[in-house]
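Data first, discussion second: the structure below is written as structure tokens.
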Amino acid sequence: MKILQEILDRKLTISFEVFPPKNDSTFEEVLQATEEIAALKPSFISVTYGAGGKGGKYTMEIARRLQNTDGVETLAHLTCVGAGREDVSAYLQAMKNAGIHNIMALRGDLPEDMSPDAMRESPYPHASDLIREIRAAGDFCIGAACYPEVHVESSVQADDLKYLKEKVEAGADFLTTQMFFDNNLLYNFLYKLRETGVMVPVVPGIMPITGANQVKRALKLSGSFMPRRFTSLVDKFSSSPDAMKQAGIIYACDQIIDLFANGIRHVHVYTMNKPDVAAAILNHLSGILGRIF
Ligand code: FAD
């Protein structure tokens with residue numbers, strides 16, 4: 001099934017994200033976590049693609065199992081930075097063979113040894129180039145990334161929005177946001193996006209922060225603005241793992257409830273291979289989602 005249908009559904013729904021292992025030694029552990037998350041029956045699960053284009057074989061294997069063994073609709077990520085045309089073509093064929101119909105098309109972060117000039121001369125300098133290739137390759141449902149707080153490489157939001165429009169014109173069916181901790185940032189972004197004429201569904205991405213280290217990592221990755229209400233919570237509870245976890249889950253649920261209350265119908269949760277966090281979120285929202293556990 002194409003997950004665009006799930007996103008457009010009138011019901012309020014939640015999807016989760018998992019990431020693949022870096023090597024064989026942790027494959028079974030990651031698989032176990034993804035199966036536990038699949039057992040919670042989210043509307044779909046996305047599987048990220050290893051940074052710098054590495055790890056594609058694990059993304060494919062986990063996505064294939066989720067789709068065919070666990071019976072959960074899967075969104076497999078694919079990055080194109082540094083990839084050759086044959087690599088992408090082979091990967092898309094492998095996805096078709098595995099019965100995967102949904103792809104999150106990304107450029108990926110520039111590897112440290114790749115200069116901006118080398119990137120511009122590569123086969124896929126931007127996600128829009130990959131999206132065109134996927135659209136031409138078959139009947140895939142395509143997602144792309146968007147950044148309510150502006151992508152770190154863009155100096156002004158107008159440029160970011162212009163290139164976002166290009167991604168949609170290239171064939172992206174929906175957009176998923178980078179994490180954010182203040183919903184007003186999303187609402188402002190949506191207003192500007194619609195003004196540029198981009199009307200595809202936008203799926204907010206919510207990251208439950210359940211440990212103090214995660215705050216630093218999240219900031220480094222996304223540069224997200226942390227509102228005072230959130231930093232006070234980290235200051236108060238980060239020295240107690242149980243307290244921080246509970247506070248982080250409830251903060252994420254509060255964000256999700258506000259999104260649902262303001263017209264958003266589908267939220268993607270960056271569950272980071274943590275089945276307990278995924279289950280706690282569904283439990284807290286069981287009445288709202290109409291799912292009793
Ligand atoms: P692009 O859309 O190419 O944009 C990158 C930058 O280039 C932006 O500043 C944009 O404004 C600019 N730009 C775009 N098009 C043009 C153009 N034609 N000319 C000039 N400038 C342009 N990374 C991973 O490695 N694996 C993952 O699985 C993964 N999943 C992600 C999922 C989501 C929902 C999000 C939000 C991010 C994810 N990332 C992932 C991170 C992502 O790869 C990085 O943020 C990366 O730096 C940008 O990827 P992109 O697809 O947004 O790139």
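Just follow the structure's listing: the first ligand is 1, and inside any ligand the first atom is 1. Just so you know, these numbers come straight off a predicted model, no measurement behind them.
- Taking only nitrogen or oxygen atoms, main chain and side chain alike, Y49 reaches within less than 3.5 Å of ligand 1.
- Using the six-membered ring where Trp is involved, Y58 and F27 have ring planes that are tilted, between 30° and 60° apart.
- When T79, D109, L106, T48 are ranked by how near their heavy atoms come to atom 24 (C) of ligand 1, first place goes to T79.
- Atom 51 (O) of ligand 1 has its nearest heavy-atom neighbour, among R107, H77, K165, in R107.
- More than 12 non-hydrogen atoms from other residues, nucleotides or ligands lie less than 6.0 angstrom from NZ of K96.
- The side-chain tip of R85 points at the ring of Y124 from less than 6.0 angstrom away and within 45° of straight on.
- Residue K167 touches ligand 1 through its side chain alone, judged by heavy-atom distances below 4.0 Å.
- Contact check on D129 versus R107 returns no salt bridge, with no Lys/Arg side-chain nitrogen under 4.0 Å from an Asp/Glu carboxylate oxygen.
- In this structure, of S154, A144, C80, the residue bringing a heavy atom nearest to atom 9 (O) of ligand 1 is S154.
- Considering only non-hydrogen atoms, atom 16 (C) of ligand 1 lies nearest to Y163 out of Y124, Y270, Y147, Y163.
- Salt bridge E61/R64: present, at least one basic N to carboxylate O contact under 4.0 Å.
- At least one heavy atom of G108 sits closer than 4.0 Å to an atom of ligand 1.
- Counting only non-hydrogen atoms, the option in M179, H151, Q178, M104 that gets closest to atom 48 (C) of ligand 1 is H151.
- Salt bridge K245/D276: present, at least one basic N to carboxylate O contact under 4.0 Å.
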Side-chain donor-acceptor contacts of residues 111-121 below 3.5 Å, not counting sequence neighbours, with atom names and distances?
residue : atom : partner : partner atom : Å
S115    : OG   : A118    : N            : 3.0
D117    : OD1  : R120    : NH2          : 2.8

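- Taking distance alone, with nitrogen or oxygen atoms compared against 3.5 Å, A105 stays at or beyond that limit from ligand 1.
- Considering backbone and side-chain N/O of T176, none are found under 3.5 Å from N/O of ligand 1.
- Using a 4.0 Å cut-off to heavy atoms of D160, the atoms of ligand 1 that qualify are 8 (C), 9 (O), 10 (C), 11 (O).
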